Structure formats: structure tokens, C-alpha cells
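Notes follow the structure.
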2 protein chains.
Amino acid sequence: MTEREPRTVRRGRPRQAEVARLAGVSQTTVSLVLGGNKQGIVIQEATRDRVLEAARTLGYVPDPAARRLAAARNNLLGVFSFTATFPTEVEHSYYRFLVGIEQEAAARGYDLVLFTGSSSGGAGAGAPGALDRVRLADGCLLLGRHVPSEPLRRLVADGFPLVHLGRRDEPEGLAWAGADYAAASAEVVEHLAGLGHRRVLLVREDDDAQASADRQRGFLDGLAAAGLPAPEGTVVRTARPAAEIDAAWLRARHAEGVTAFVAEETDTGDAWRALTAAVSGAGLRVPEEVSLALLGSPPADLAGAPEPTGFDIPRAEMGATAVRLLTDLLADGHRPSQALVTCAFRPGSTVAPPPRRASPPPPRPPSP
Amino acid sequence: MTEREPRTVRRGRPRQAEVARLAGVSQTTVSLVLGGNKQGIVIQEATRDRVLEAARTLGYVPDPAARRLAAARNNLLGVFSFTATFPTEVEHSYYRFLVGIEQEAAARGYDLVLFTGSSSGGAGAGAPGALDRVRLADGCLLLGRHVPSEPLRRLVADGFPLVHLGRRDEPEGLAWAGADYAAASAEVVEHLAGLGHRRVLLVREDDDAQASADRQRGFLDGLAAAGLPAPEGTVVRTARPAAEIDAAWLRARHAEGVTAFVAEETDTGDAWRALTAAVSGAGLRVPEEVSLALLGSPPADLAGAPEPTGFDIPRAEMGATAVRLLTDLLADGHRPSQALVTCAFRPGSTVAPPPRRASPPPPRPPSP
DNA sequence: CCTCTCGACTAATACGCATTAGCTGACGGG
DNA sequence: CCCGTCAGCTAATGCGTATTAGTCGAGAGG
């Protein structure tokens with residue numbers, strides 16, 4: 001039942017052998033001319049030209065798999081993410097990474113392979129072997145907060161060149177390019193303190209990502225640096241921001257003397273979303289009565305709203321840095337290294353000095 | 001002086017051969033058990049179990065490169081665009097294509113290769129042989145309006161599986177997945193006519209893209225279907241919309257009895273941008289005094305403005321369709337085909353019946 | 001008995017490229 | 001005049017897996 005099409009279906013893709021035949025030389029010579037020829041074998045100018053000419057006319061392109069198998073390089077960098085690389089939600093944060101990744105990869109002569117295993121349509125990132133497909137490329141970039149450890153550990157142990165986008169200490173020796181959330185978060189807090197705020201709260205989602213932890217640490221460091229206390233309840237961690245961070249909750253905190261709220265940015269932006277909703281639900285004006293800050297960028301659908309004070313994550317730069325790290329790894333096989341990219345403070349318009357009168361806010365009629 | 005490390009440096013990664021030795025079978029059997037065994041060769045339950053057990057204890061993971069080499073296909077789909085795939089401008093239209101492409105590719109077990117050659121950092125899409133690199137994949141998707149014909153023609157002639165995103169008749173036999181701009185444009189015009197508009201103008205940029213031509217055709221077809229004339233000047237084509245479509249121009253057209261303006265969507269959105277600017281410059285209210293429609297989606301930076309009446313280009317669906325076309329091509333080697341995806345009409349809020357006061361449109365002699 | 005399936009595997013080979021041993025003819029020194 | 005270089009190639013392998021031809025023993029059928 002198997003149709004044994006002889007040579008007809010032969011994909012147009014030419015091999016070195018075909019090039020060799022056309023140029024009247026051996027396959028070896030073709031490999032020598034087109035490949036690196038690191039052995040320093042001497043080839044005559046004329047021969048070399050014939051080969052190049054033949055390759056051009058046939059449109060020869062090396063097979064990445066074969067190249068890889070023969071223990072050489074592909075010039076392919078993998079990109080693997082643990083959720084779809086292009087999520088359906090508009091303007092997902094990965095896009096910005098990709099901008100930097102593509103540019104830097106292009107500049108260094110690498111093409112990109114997007115491993116789609118984890119996309120919703122596919123088998124899922126959890127599928128056994130999904131991560132192993134990256135071995136097709138020379139090295140791979142990892143995106144996403146929630147990366148399964150076990151397969152990763154294995155890759156690292158085998159010495160496969162990997163760079164994680166975002167700080168990650170988990171498998172010992174994994175290289176990464178991260179944003180300096182801690183420093184940026186501290187800066188935001190110190191900015192608030194400088195304006196006169198004494199009681200500042202951090203709202204974070206119930207998430208164990210390193211990025212969340214870093215922000216919290218920076219937040220607390222910022223408080224400490226400003227000489228402010230961090231009593232119990234200073235960091236609010238909730239799995240369901242929309243439900244728990246509501247107008248009543250916010251009014252209560254405000255009544256206790258909290259004048260500024262800080263939210264972390266996450267994939268969904270839920271913390272920030274809940275916070276802003278709660279504030280407007282409570283009828284408080286921003287920034288006159290209460291200051292808000294966002295440790296990251298606002299979700300795209302809130303683009304119309306006033307620009308939140310906080311910082312911007314230099315995603316494109318992180319992507320470029322990660323590519324740089326990876327290609328360096330490929331080049332000199334140095335041991336994995338890591339890089340922190342600085343975030344840019346964004347002044348925004350959601351913070352101001354706290355209201356003068358230290359008394360609790362006036363009771364307002366419920367909004368219609 | 002060749003370092004012939006015997007077994008020591010043997011990559012921690014075991015091969016099928018090692019598994020075979022441990023299980024006391026041949027490498028072939030291992031391949032049969034662990035691979036698909038599409039040949040339907042019968043293996044005893046006990047043997048199969050021994051192999052699986054051995055594979056587990058050794059932590060065997062198949063080498064994707066070898067697998068793809070042996071399979072004579074690499075399960076890679078190329079994505080080639082003639083501008084950077086991830087342009088720096090926010091929310092570029094390619095993103096939406098990619099959403100669909102990634103999903104569908106994942107669902108069909110393909111990974112994606114992004115050819116970065118055309119990115120700003122690289123050699124540029126014009127570089128000789130830039131397009132030839134796509135031969136590395138099993139097939140390739142082409143994005144972008146302005147695709148150089150010559151290298152493309154070659155690829156097509158060689159039978160390399162290619163699908164263009166967007167209608168394209170140029171190289172005979174090129175497959176494509178396009179949006180049905182003509183039908184959608186006609187629908188918009190008929191909608192306007194149904195509301196009572198008699199004089200409708202189309203503003204298009206000076207661009208020879210097929211997409212522009214299709215919209216114009218649909219626009220004219222729509223007029224015809226509604227029984228409206230299309231006198232000279234009904235289609236306004238300008239290279240510099242911002243300069244030529246200004247308040248004065250708009251006021252003049254309005255005075256002539258034109259009650260609705262339609263703009264095409266382009267990469268830049270300049271036509272629409274100019275049109276809206278001109279209308280507000282002319283002090284005309286939308287949609288009370290003048291109706292506007294956009295053949296496509298508005299640029300992202302105009303997201304705050306009222307939603308334009310028009311249609312949405314189903315980009316994700318187009319991407320998915322293109323992938324489907326391409327994989328079908330790969331599977332049964334059928335001759336290239338094309339697919340039109342329907343655009344969804346978007347009611348929006350920029351059109352309304354024309355103003356009541358029937359300042360009689362100048363009875364112009366319809367040109368024959 | 002001896003050929004003939006048939007079940008259950010295994011040996012051999014192909015995939016496309018890189019690499020490593022040759023191999024050949026020209027030239028030069030002794 | 002013979003051997004050793006050496007420039008310039010080519011033949012032969014290997015990489016890890018999938019596939020295709022067997023191979024081999026055990027029953028079945030004649």
C-alpha cells in the first residue's frame with residue numbers, strides 16, 4: 001500500500017551530493033567548501049568557485065538535522081515557552097521579548113525555531129519529551145514563569161546550552177537574563193516614601209514565581225531603606241485579587257492610614273486590575289487621596305487609563321541580552337552566566353504626596 | 001593528537017543501542033517499541049515491557065535531529081517575512097497571524113522556523129539567497145505585502161511548498177490564504193447604501209498591493225449592487241494622505257453631497273488617520289453629519305477613539321488556514337490551492353443615516 | 001518428511017552532512 | 001632515478017533513528 005514514488009517526489013531540496021555532481025567534484029569537497037573547512041584543507045580557487053556556483057544554481061541549503069547529527073552547528077536558536085508563545089490575549093508580554101530576540105539573533109546570523117509543543121493546540125508543555133525537542137537547535141531560550149524542573153534539569157546536566165528569560169536559580173548552573181525587579185521595586189517604594197507616604201501596601205498574586213519574590217524583596221528593601229516599618233499585613237498575597245481586593249477592603253486599609261498601594265505585574269494583570277477597580281469603587285481619587293504604583297507595565301486593555309507610576313520592564317533588551325548570552329555560550333562554551341537588566345522608572349501620574357489632613361477620609365455616599 | 005575519549009565523555013544521553021543492550025534485544029526492536037511502529041510489526045508483550053523498562057531506567061530520550069534525519073522531513077514550517085517578523089511598532093498585524101499560525105502548527109505537530117534574515121539586524125530580505133534559506137524547512141509561509149517575485153518564482157518552480165498569507169496571483173501556482181476583502185468591502189458599502197447614503201468615497205493609499213485592489217473592487221461592486229453610480233473621483237488614491245486629505249478637502253467633498261467616506265486599512269493606517277483628522281478638522285460630527293467606515297481594523301494607537309464601522313480581518317484564522325494549506329500540501333503533495341477567509345462585519349459607531357436636510361446633491365451628469 | 005506460512009525478531013541500510021583517512025600526480029632534493 | 005613532500009582531492013565512516021529486507025524456529029498442510 002505504500003506508494004514507492006521512485007525519485008519523483010524527491011523534494012526539491014538538493015543535497016550536497018547533487019551539488020557535487022553538478023560541480024564535478026566529490027561530496028566531501030562540497031562539504032569542505034560550503035562548511036567551515038576548519039581542517040584547513042586546501043582547495044583550489046577554481047574548484048571552490050565551481051562548487052559555490054553549483055550550490056547557488058541549485059539553491060542548496062544544508063539540512064539542519066543532518067548538520068546537527070554530524071555533531072556540527074545549525075545556526076538555529078530555539079525558543080521554548082511554557083504557554084503559547086503567541087497567546088490569544090492581545091499584546092502579551094512575550095511579544096516584546098521576541099522583538100529583542102529576533103533582532104539580536106538576526107544580527108548574529110541565527111535563525112529562530114519556535115517550539116510549539118506547549119501551545120494550546122499541541123500536546124502541551126507537560127507532554128513527555130516536549131522540552132527535548134529543543135535539542136534540534138544549537139541552544140535554546142526559555143520563556144515563561146512556570147517551567148517544569150525535571151526535564152530542564154536533565155537538559156542542563158547534559159550540557160545543552162540554555163538561557164532562561166527571567167531570573168531563575170532552580171536548576172543549578174542554568175544561565176539567565178533577568179530584569180532587576182528588586183532594585184526597580186525598591187526605587188518605586190523609595191519614591192513613594194520621598195513623597196511622604198508612611199504606610200504602603202504591596203498586593204501580589206498567589207504565585208511562586210521568582211519575579212514575584214524579587215519584587216516583594218525589593219519592596220521590603222525599599223521600605224527598610226526609607227526607614228519605614230513593615231508590619232504584618234504589609235504584603236497582601238491573594239489567589240483571587242478580584243474577589244478579595246474590593247472597595248470595602250480598600251476603604252478599610254485607607255482608614256487605617258495606608259496612603260499608597262503597590263501592585264505587581266503578572267501575566268494577567270489581575271492584581272492591578274483589582275486594585276484600580278477597588279479604588280474607584282471606594283470613590284477615592286487618584287492620586288489626590290490615594291497613590292497607586294505598579295511594579296511593571298499595565299495590561300494593554302487599560303491603555304486608556306492614566307499611566308501608572310512604576311517601572312517598565314525592558315523586555316526587548318532582555319531578549320537581546322539572552323540571545324547574547326546564549327551565543328556566547330555556543331561560541332566559547334563558557335560556563336553559564338547570568339545578566340540583570342535594569343528597569344526604567346516610569347513617573348506616571350498615579351502617585352502624589354499623601355493627603356495633608358491625617359484624619360480618616362470623609363464618608364462618601366455609595367456610588368450609583 | 002586526536003582526543004579519542006573512548007566511552008568516558010559519552011554523552012550522558014543513552015541511545016537506542018544502549019537500551020537495546022540492556023533489554024537484550026536489537027536496536028531495531030527498541031525503535032519499534034519506542035517509535036510509532038507504523039509498519040504493524042508484532043512484538044511480544046514481554047519484550048515490549050523489557051524495552052520500556054530499560055528505556056525508563058536509562059532515561060532514554062530520542063534525539064530529535066536523528067529522528068528527523070531518518071524521517072526525511074524535519075517537521076519544521078518556515079515563516080518568512082519581508083520586514084522584521086516582530087516589528088518594533090506595537091501591535092503589528094503580523095502578531096495576529098502568528099497567533100493562528102502557532103496554534104495550528106502545534107496542533108499538527110510542526111515547529112516553526114523564523115527566518116530572521118529580513119530583520120533590521122540581518123542582511124535584509126533583499127540579500128541574495130535570503131529567500132533560499134527557507135528550503136531548510138519542509139515548507140514555508142510567506143508574510144508581507146511586498147514580496148520580491150524573482151526568487152519566489154524559482155522556489156515555486158522547484159515545487160517547494162509555499163503558502164502566501166494574503167491573496168497573491170503573481171507566480172502562477174502559488175498557494176495562498178487570503179481574506180475576502182472584496183466581499184467584506186462590498187458589504188460595508190451596501191450597509192451604507194442601505195442607510196440612505198448616495199455618494200460614498202473610498203480613500204486609498206498609493207499602493208499596488210493585491211489587498212488594496214481587492215478592497216477597491218469590492219467597494220465598486222458594492223456601489224453597483226446598491227445601484228449607485230461611481231463617477232470620476234469616487235476612488236481617491238493618494239501617496240500622502242496626511243497632506244492631501246485635509247479639512248478643506250473634506251469640507252469640499254461634503255459640500256458636493258458626499259455623506260460617507262471609506263478608508264482602507266494599511267500597515268500604517270495613514271488613510272484612516274488622515275480621514276478622521278480631516279473630519280474633526282472640518283468640525284463635522286460623526287456619525288450625525290458624516291459617516292466613516294474603515295475597511296479593516298484601526299491602528300492600535302486609535303484604540304481609544306469610537307469603534308469604526310467596517311470589518312475585522314480574521315488574521316488568526318488566516319494564519320491557521322495557511323498552515324492547514326501548507327501541511328496538506330506536505331501530506332499529499334496536492335497541487336497548490338487557495339483559500340478565502342471571510343471577514344466579520346463590525347457594526348461600530350461611525351455610520352448613521354445621512355443628515356435629513358436634503359440639500360440636493362448637485363445633479364451631475366453621470367459619465368457614461 | 002518436506003515445503004509453507006507465520007510470528008517475532010534482527011541485520012543491513014538509508015538519511016545528509018562532517019570528518020578522517022587515504023590516494024594521486026607533480027615537484028624537489030639527494 | 002628514487003623517495004619524500006605536498007597540494008588537492010576523494011573514499012569511507014560515523015552520528016542516532018526509521019525502515020526494509022531478511023532470518024529462524026514452530027506449527028500447518030500435503
Side-chain angles (χ1 to χ4, degrees), chain A residues 1-4 6-7 9-11 13-21 23-51 55 58 60-76 129 132-133 135-136 158, chain B residues 1-6 9-11 13-21 23-51 55 58 60-75 135-136 138:
Chain A
M1 214 145 67
T2 34
E3 316 283 325
R4 295 288 304 152
R7 293 284 93 171
V9 183
R10 196 35 153 191
R11 278 271 160 262
R13 179 125 66 117
R15 335 272 134 126
Q16 286 189 345
E18 267 110 281
V19 176
R21 206 171 312 138
V25 298
S26 70
Q27 177 263 321
T28 304
T29 304
V30 175
S31 174
L32 253 21
V33 170
L34 300 179
N37 186 9
K38 319 191 194 317
Q39 302 80 236
I41 294 181
V42 194
I43 306 263
Q44 265 203 322
E45 195 63 27
T47 309
R48 152 181 253 89
D49 288 348
R50 283 211 322 284
V51 170
L58 290 182
Y60 169 80
V61 167
D63 179 333
R67 230 181 153 100
R68 191 76 193 133
L69 186 56
R73 297 269 172 87
N74 272 285
N75 269 271
L76 290 179
D132 286 310
R133 305 207 293 182
R135 300 186 116 112
L136 178 67
D158 287 354
Chain B
M1 206 48 220
T2 35
E3 318 281 328
R4 298 288 304 154
E5 316 258 354
V9 183
R10 211 342 154 230
R11 283 243 173 279
R13 227 142 64 77
R15 337 266 127 146
Q16 287 187 346
E18 266 111 278
V19 176
R21 206 171 310 139
V25 298
S26 70
Q27 177 263 320
T28 303
T29 304
V30 175
S31 174
L32 253 20
V33 171
L34 300 179
N37 186 11
K38 318 188 195 316
Q39 302 77 237
I41 293 180
V42 194
I43 305 265
Q44 267 203 320
E45 194 64 18
T47 310
R48 153 182 252 89
D49 288 348
R50 283 214 319 286
V51 170
L58 290 182
Y60 169 78
V61 169
D63 179 341
R67 184 170 257 195
R68 287 173 176 184
L69 178 56
R73 44 121 57 131
N74 48 41
N75 275 289
R135 298 185 116 111
L136 153 169
D138 287 339

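Since we're looking at a predicted model, the values are computed, not measured. In the text below, chain A, chain B and the rest are named by the order of the sequence lines, each starting its count at 1.
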What's the CD-P distance between A:Glu18 and C:dC15, to the nearest Å?
10 Å

Backbone of B:Ala23 reached by a side-chain donor or acceptor of B:Arg50 within 3.5 Å
yes

Spacing of B:Asn74 atom CG relative to C:dC17 atom C1', expressed in whole Å:
14 Å

Picking from C:dT10, C:dA18, D:dT10, the nucleotide nearest the side-chain atoms of A:Ser26 would be D:dT10

Please give, in whole Å, the distance from C:dA14 C1' to A:Leu69 CG?
12 Å

How many Å lie between CG on B:Asp49 and P on C:dC9, as a whole number?
11 Å

In whole Å, I'd like the distance from the CG atom of A:Asn37 to the P atom of D:dA7.
14 Å

No-H, no-angle donor-acceptor pair, B:Gln27 side chain to D:dA18 base, under 3.5 Å
yes

Between B:Pro14 and B:Leu58, what is the shortest heavy-atom contact and its length?
CG-O, 3.4 Å

A:Pro64 vs B:Asn74 side-chain heavy atoms within contact, under 4.5 Å
yes

Closer than 4.0 angstrom, basic N to acidic O: yes or no for B:Arg68 and A:Asp63?
no

Where each residue is assigned the nucleotide of DNA chain D containing its nearest heavy atom, which of A:Arg50 and B:Tyr60 is assigned the position nearer the 5′ end?
A:Arg50

Taking protein heavy atoms under 4.0 Å as touching, what does nucleotides 21-26 of chain D look like 5' to 3' if B marks base contact, S marks sugar-phosphate-only contact and - marks none?
------

Does A:Arg67 put a side-chain nitrogen or oxygen below 4.0 Å from OP1 or OP2 of C:dA18?
yes

Mind listing the closest non-hydrogen atom pair of A:Val51 and A:Val30 along with its distance?
CG1-CA, 4.1 Å

Looking only at non-hydrogen atoms, find the nearest pair between A:Arg13 and B:Leu136 and report the distance.
NH2-O, 3.5 Å

Let me know the distance between CD of A:Glu45 and P of D:dA7, rounded to the nearest Å.
16 Å

Taken to the nearest whole Å, CD1/B:Ile43 to C1'/C:dC6 is 15 Å

Can you tell me the distance, in whole Å, between the CZ atom of B:Arg68 and the C1' atom of D:dT19?
19 Å

Which residues pass the side chain to side chain donor-acceptor pair (under 3.5 Å) test with B:Asn75, not counting sequence neighbours?
none

Contact under 4.0 Å: B:Gln44 side-chain N or O vs C:dG7 OP1/OP2
no

Counting only side-chain N and O atoms of B:Ser31, is one of them less than 4.0 Å from OP1 or OP2 of D:dT19?
no

Between B:Thr47 and B:Ala70, the residue closer to the 5' end of DNA chain C by nearest nucleotide is B:Thr47

If you look at every strand shown and take non-hydrogen atoms under 4.0 Å, does B:Val25 touch a base, only sugar-phosphate, or nothing?
sugar-phosphate

